[in-house]
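Just so you know, ligand 1 is whichever comes first in the structure, and atom 1 is the first atom listed for that ligand. In what follows, every heavy atom counts, from backbone to side chain, and hydrogens, waters and symmetry copies are set aside.
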Amino acid sequence: MHRLATKLGSLRMVSSRASPVKATREAIDAAVARGWTVVAGKEMGQARLHKELAFKGFKQAWAFMNLVAIAATDLKHHPEWSNVYSKVSINLTTHVAEVPNSLTVLDIQLAERIDQAEQITRSGDHP
Ligand SMILES: C[C@H](O)[C@H](O)[C@H]1CNC2=NC(N)=NC(=O)C2=N1
């Protein structure tokens, strides 16, 4: 009995998080209209949304990244990004998309939150 219980317990450990669904064409087009680029996935990779941002300086770039970190934590969906001084380069993709090699609603939601974070940061007074 013990072994069966252990086995069942391990099964329960499997994440119940459903795979995020494919983003709609309209949502992707809206992101592209806001400056995002769709990069087709490589053989093993996933399709991704890409954006490059330039800020006034490092502090403003960092303030932006801090806002994005909050959004990513909320969504449990995280960017693949890099920062060089005032520049931030962002890729959004879903590791376990329901439809392989597709952009998902989480990529779209995070892109929307990133664009809000950009507007907030640029309206602020971060040198
Ligand atoms: C358990 C955790 O929430 C998952 O592994 C999340 C973490 N952040 C993530 N971020 C991204 N971009 N894709 C994912 O599939 C993903 N999965």
Checklist entry - Out of curiosity, does Leu75 fall in the hydrophobic cluster containing Val88 (side-chain heavy atoms, cut-off under 4.5 Å, transitive links)? => result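 Both belong to a single hydrophobic cluster.
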Checklist entry - Under 3.5 Å, is there a donor-acceptor pair between the side chain of His50 and the main chain of Trp36? => result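 The answer is no, because no donor-acceptor pair under 3.5 Å joins these two groups.
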Checklist entry - If you measure from atom 6 (C) of ligand 1 to every heavy atom of Glu80, Lys76, His78, His77, which option wins on shortest distance? => result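 Of the listed residues, Lys76 has the closest heavy atom.
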Next on the checklist: Around atom CH2 of Trp81, are there more than 12 heavy atoms from other residues, nucleotides or ligands closer than 6.0 Å?
Outcome noted: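 Above 12, so yes.
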Next on the checklist: By the definition side-chain hydrogen bond (donor to acceptor under 3.5 Å, both in side chains), identify the one residue from Glu52, Lys51, Glu80 that meets it with Ser89.
Outcome noted: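 Running side-chain hydrogen bond (donor to acceptor under 3.5 Å, both in side chains) over Glu52, Lys51, Glu80 with Ser89 returns exactly one hit, Glu52.
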Checklist entry - Going by distance only, is there an N or O of Thr93 that falls short of 3.5 Å from an N or O of ligand 1? => result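 Between Thr93 and ligand 1, an N or O pair is found under 3.5 Å apart.
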Next on the checklist: So for ligand 1, is His95 a polar contact partner (N or O within less than 3.5 Å, distance only)?
Outcome noted: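 Looking only at distances, the answer is yes, because the N/O contact criterion of under 3.5 Å is met.
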